[in-house]
Amino acid sequence: MKVTLAKYAGFCFGVSRSLKLVENALKDGVRIRTLGPIIHNRSVVERLERMGACPGLNVGDVLPGETAVICSHGAPESVYLELRSRGIPFIDATCPDVRRIHDIVRECSKEGRIIIIIGEREHTEVKAIAGHTRECMVFENDSELEKWIRSEVFERDLPFAAVCQTTLNVDTWQKCDKILKKECTNCKIFDTICNATLNRQREAARIASASDAVVVVGDSQSSNTRRLFEICSAHCPIAFHIEKADELDKLNNIKSLAVTAGASTPPWIIKEVMSRMSEEKITMETESFAELLEASLKTLNTGDKVTGVVTGMSPTEIHVDLGTKHAGYIPVSEISDDPNVKPEDFFKIDQEVECYVMRVNDVEGTAMLSKKRLDSVKGWEEVEQACEDKTTVEGFVVEENKGGIVVSVKGVRVFVPASQTGIPKEGLLSQLMKKKVKLKITEVNRARRRVVGSIRIVANEERRAASEKVWADIQEGMKYRGVVKSLTSYGAFIDIGGVDGMIHVSELSWKRLHHPSEVLKIGEEIDVYVISLDREKKKISLGHRLAEENPWSKFMAGYNIGDVVSAKVVKLMPFGAFAEIIDGVDGLIHISQIADHRIAKPGDVLSEGQTVDVKITNVDNEKQKVWLSIRELLENNPSTFPEAGEDSGESLPSDGVVAVSEGSGVEIKTESLAKEVELPVSSPEAGVDEGTEAKE
Ligand code: F3S
């Protein structure tokens with residue numbers, strides 16, 4: 001007959017821990033009074049009694065000089081209060097998983113929630129949990145829960161919080177969970193089945209279904225053993241529940257047998273059962289209780305490298321079964337240095353995981369683990385290799401200090417001096433914090449645990465590669481989306497993806513600008529096109545203003561000679577007045593064309609900001625100049641000009657005009673007038689180098 005013993009058979013870490021606490025206290029000569037059976041197994045309790053632990057039921061049973069022990073199932077808050085108020089010393093052997101439930105229900109009660117407990121109403125654990133709530137209800141299974149929900153007293157919008165007994169059947173919990181999610185609109189649900197139970201139940205179901213018969217060993221008082229038997233019976237037609245080896249009948253015609261045991265079943269009983277089924281008898285007499293107990297426990301030390309199995313995940317930690325008495329957990333911060341890490345990206349339930357033991361808490365029965373520390377050991381080798389091969393690595397910036405920043409690369413701390421961060425002197429290194437960066441490892445000194453890196457080298461390499469690509473592709477007329485890198489009085493430098501090009505101030509806008517900062521900000525993204533380029537000198541001249549927005553083109557498309565338009569006087573000069581026809585196009589009203597009589601100066605009739613009707617008398621498309629006249633309108637309709645004087649003055653030659661368009665200055669058409677007028681020489685950008693340089 002093939003006999004399979006479940007890996008998760010016998011004492012769980014909670015039970016082992018409570019026994020260990022009692023045993024140690026007895027060894028130290030402490031007089032013990034247990035408040036209820038320390039675990040649900042008669043044989044273990046009897047042994048403890050023989051060792052000196054006296055059984056009691058409540059605080060009243062504790063005699064002077066005795067130390068009370070709260071069992072692994074926990075106790076209501078009132079018990080703690082009574083022990084404290086009476087000054088009775090006590091050992092709290094509550095399983096850490098059960099204590100966690102107490103914390104949950106206490107917090108939720110404070111929030112004003114009604115606690116729903118799914119579990120055996122009369123079980124010590126359930127009673128203890130209830131004793132930490134303000135208001136609670138207990139349901140033994142999904143049918144009871146469903147019945148309550150269908151009753152008239154149920155109010156779906158009340159604030160609830162649901163927890164379950166640590167040893168509840170997983171199926172029962174899943175059904176309850178579904179009902180609560182569907183029916184309660186304001187319920188916080190906590191799956192509090194302990195990992196040990198979960199593993200035990202899963203494994204029992206698996207080995208039971210693969211065997212002809214299954215034996216469940218455990219005390220009939222033990223709730224988790226009863227659950228285990230229920231599960232095994234559901235998966236295997238022949239299932240036995242025995243407390244001791246001698247209850248086992250002859251198993252005829254059975255080829256494969258599975259053996260599992262409840263969390264409170266001691267190792268020696270399991271051993272007896274196994275030896276009874278085996279040809280090879282195993283003798284128990286030579287081993288003491290303490291030795292057997294010790295054998296069932298594996299110890300953990302800080303710094304140990306351990307392998308465990310992921311049994312659960314929450315947004316803050318990963319539960320790991322280490323096969324020891326400790327509940328292992330990896331805080332999210334110990335998975336990796338990536339602040340955005342999600343546990344599900346790294347782990348799956350039932351996955352094996354290697355980690356380092358960071359801290360062992362024997363009182364709490366917990367072990368804090370770290371995956372990133374273990375990764376860092378492997379990381380050293382990878383970092384050394386990266387330094388040798390000059391390969392690029394990635395890491396997260398975890399610290400900023402005086403001289404630079406620290407980047408965690410595969411768990412190894414790499415110092416990047418400020419000058420190698422790529423942040424300019426006046427910039428803040430803090431902007432890199434928690435960011436993912438690429439860097440080269442430039443120095444590794446394992447003995448001094450010193451690693452130095454450079455982000456700048458990678459950035460320069462990337463820029464060089466990008467620059468080569470830009471130069472390979474670039475053509476005149478090509479469009480780019482660029483970033484404004486710097487501004488000067490004559491233009492702006494734009495990064496078009498690894499190469500800087502320059503936009504001359506005159507190419508930025510159709511309007512006259514005094515400085516590029518009037519339209520651009522450093523860091524801004526803008527669309528640019530290539531006007532010209534010099535591959536040898538590595539210079540690129542860019543344009544930003546678009547041809548279709550050219551005001552001259554708009555003017556030419558919408559206006560003709562002879563049109564009468566409303567224009568705004570924008571500048572008065574001794575020789576005439578400039579008037580804006582449309583945004584960006586000004587025409588000149590020569591002094592001779594301002595009135596139908598001779599005037600001394602344009603200001604006698606016109607003022608800046610005034611809007612006047614003018615006639616377009618001439619247009620030079622090539623030179624982009626416009627000539628305007630008020631006088632021609634007055635001659636056609638003299639009464640429309642309020643300032644008309646008596647003296648009509650001498651008439652000026654029709655070509656004796658000055659034509660102006662924005663940004664192009666003015667031009668004298670006749671020599672006689674050239675003597676009379678003082679001309680504006682040029683637009684602001686005149687005299688500035690045409691600025692077609694491109695800077696890499
Ligand atoms: Fe604790 Fe779970 Fe055992 S709750 S006592 S570890 S069965």
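Positions are given from 1 along the sequence. Here the structure is a predicted model, which is why all the values come from computation and not from measurement. Both ligands and their constituent atoms are indexed starting at 1 by order of listing.
Interface atoms of ligand 1 facing Thr166, defined by a heavy-atom separation under 4.0 Å, are 4 (S). For ligand 1, the atoms lying closer than 4.0 Å to a non-hydrogen atom of Cys95 are 1 (Fe), 4 (S), 5 (S), 6 (S). Close approach to Cys194 involves these atoms of ligand 1, each under 4.0 Å from a residue heavy atom: 2 (Fe), 4 (S), 6 (S), 7 (S).
Heavy atoms of other residues, nucleotides or ligands lying less than 6.0 angstrom from CZ of Arg121 number more than 12. Counting non-hydrogen atoms of neighbouring residues, nucleotides and ligands closer than 6.0 angstrom, the NZ atom of Lys372 exceeds 12 such neighbours.
Relative ring orientation between Phe154 and Phe160 is described as parallel, the plane-to-plane angle staying below 30° on a 0-90° scale split at 30° and 60°. Aromatic ring orientation, His102 versus His132: parallel (interplanar angle below 30°, classes split at 30° and 60°).
In this structure, Thr197 is part of the shell of residues with a heavy atom less than 4.0 angstrom from ligand 1.
In plain terms, the two heavy atoms of Ala6 and Ile207 that are nearest each other are CB-CD1, 3.6 Å.
Checking Cys12 against atom 3 (Fe) of ligand 1, an N/O/S atom falls under the 2.8 Å cut-off.
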